[in-house]
Protein chains: 2
Amino acid sequence: MSEKSAIPKKVIYRLSTYYRCLQRLAENGLETVSSGTLAKAAGVNSSQLRKDITYLGQWGTRGLGYPVETLMSALREVLRQEKLQPVILVGAGNLGSALLRYQGFQKEGFEVVAAFDSDIESARKRGLEIPLYSDDELDDFLQKNPVRLAILCVPAEFAQGVTNRLVRAGVQGILNFSPAVLEVPKDIVVNRVDLASELENLSFFIR
Amino acid sequence: MSEKSAIPKKVIYRLSTYYRCLQRLAENGLETVSSGTLAKAAGVNSSQLRKDITYLGQWGTRGLGYPVETLMSALREVLRQEKLQPVILVGAGNLGSALLRYQGFQKEGFEVVAAFDSDIESARKRGLEIPLYSDDELDDFLQKNPVRLAILCVPAEFAQGVTNRLVRAGVQGILNFSPAVLEVPKDIVVNRVDLASELENLSFFIR
DNA sequence: TCGTGTGAAGACGTTCACAGCT
DNA sequence: AGCTGTGAACGTCTTCACACGA
């Protein structure tokens, strides 16, 4: 994990949640909000929320609460939502093309600029609107268009190989949807999302 | 969270990972594996792995390691992978229908038995092969087909309402893809997967 | 000697409780 | 009085280090 910032990963996730809650409050015309109110909306303890927010500096007014707009722009800055971030997606199979059709990333400030697949013909058949390239063109593409974030949806057995190429080409963050555990240099960040594990986990905890 | 079991949530996630790593090892004909080897494959510390495994009982042989097959069946039992689990999906919009096309849940022992959407006509146009119903039929369906797990992909503003109906109809675990924070009775388990937050998080930690 | 199982230590994250500002 | 900011207490998770069995 990068040593640049002292904000823990868990806090960053919560800050995203706070931001979304603030958006709703702002839509309702609210101008200030107390830690208690915002905490309830975000499903956390109010002192945790206060502590999380002090990572951004001191924005609150004692006796009053936090100014909604100011807090939101502080969050946007920390979360790098200020500008559109380009992202590539590797592995346009079932899950990959599913994610491409899903427009949620775009809405949150990310633009998927290209997709790569080893079997470009099958991938084409899925009728996607994003520029689609063969795996072989990955290195070329990244040389011409430096992109720092990649979404990885290839089968587990290819995940490490593709990862190595991504890292060599300068990608610094990988959102890994394959069930594989990736080995990367320690300045590269990997977030794994394992959909099957999430269901498995639920299935364990119900009764 | 259910009090039935003393195994922490984080451990359950790791057990899923160990299981997948063991599958690979078993394919290669390995019969026993040491904590060190398996830990490396799973990307964790070896004493953590040993501690996690003792939640299942004592399966290892000192000086030798763990018997691969035995350990796998112990894991299958704990993770409830023994039998196919029925699941419903609510919200067949962009993300929902994307997940339906993705066959990964099926592969891991879950069967999506039905999908629900408020706008059944638009949803039909997406050409899905799973039985598709209107939201109104949710309660009826669950009365006739008790299902304990639901995947929730509706927009944030409808998430709490749908959740309430799911809970009333007997659903006990919800995999929540909407960015909303859900309020549920404490015997109901919710796992949230927020795709945009995952990218945001990466984007924060790179440099 | 090799590798598990585990108490103890340490790191990390959360909650409490209250001083101090408005 | 209301609410933030924060040290201190508490709890949880991870790692260490070593006794003990094969």
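Reckoned from all heavy atoms, side chains included, excluding hydrogens, waters and symmetry mates.
Although no hydrogens or angles enter the test, the distance criterion places no donor-acceptor pair under 3.5 Å between the side chain of B/Asn176 and the main chain of B/Asn191.
Between B/Gln48 atom CD and C/dG10 atom P the separation is 19 Å, expressed in whole Å. Distance OH (B/Tyr55) to C1' (D/dT12): 10 Å, rounded to an integer number of Å. If you measure from atom CZ of A/Arg50 to atom P of C/dC18, you get 14 Å, rounded to the nearest angstrom. If you take CG of B/Leu15 and P of D/dC13, they are 14 Å apart, rounded to a whole angstrom. Across the protein-nucleic acid pair, A/Ile12 atom CD1 and C/dG13 atom C1' stand 15 Å apart, rounded to whole Å. Following rounding to the nearest Å, B/Ile7 (CD1) and D/dT12 (P) show an atom-to-atom distance of 16 Å. For B/Trp59 and D/dG21, the CH2 to C1' distance is 18 Å, given to the nearest whole Å. As rounded to whole Å, 17 Å separates atom P of D/dC3 from atom CD of A/Glu31.
Distance from the side chain of B/Ser34 is smallest to C/dT4 among D/dT4, C/dT4, C/dT15. The side chain of A/Thr54 sits closest to D/dT6 out of C/dT14, D/dT6, D/dT4. The side chain of A/Gln58 lies closest to D/dG5, out of D/dT15, D/dG5, C/dT4. With distances taken from any side-chain atom of A/Arg62 to the nucleotides C/dG13, C/dA8, C/dC21, the minimum falls on C/dC21. Each of D/dC16, D/dT6, C/dT4 was ranked by its minimum atom distance to the side chain of A/Lys51; first place goes to D/dT6. Which of D/dC13, D/dT4, C/dT15 sits closest to the side chain of A/Asn45 comes down to C/dT15.
Among all heavy-atom pairs drawn from B/Arg50 and B/Tyr66, the shortest one is CG-OH, 3.6 Å. Closest of all the heavy-atom pairs between A/Ala169 and A/Leu142 is CB-CD1, 3.3 Å.
Proximity of B/Arg14 to the phosphate of D/dT14: a side-chain N or O atom is located under 4.0 Å from OP1 or OP2. Side-chain nitrogen and oxygen atoms of B/Tyr66 include at least one within less than 4.0 Å of the OP1 or OP2 phosphate oxygen of C/dG5.
Looking only at atom types and distance, the side chain of A/Arg20 has a donor-acceptor partner in the side chain of B/Ser197 under 3.5 Å away.
Across the interface with DNA chain C, nearest-nucleotide mapping of A/Val11 and A/Leu64 shows A/Val11 to be the residue nearer the 5′ end. Residue order along DNA chain C, read from the 5' end via each residue's closest nucleotide, puts B/Thr61 first among B/Thr61 and A/Asp52.
Ring orientation note: the planes of A/Phe141 and A/Tyr133 are tilted relative to one another, at an angle of 30° to 60°.
Nucleic acid contact for A/Ser47: base, since at least one base atom lies under 4.0 Å from a heavy atom of the residue.
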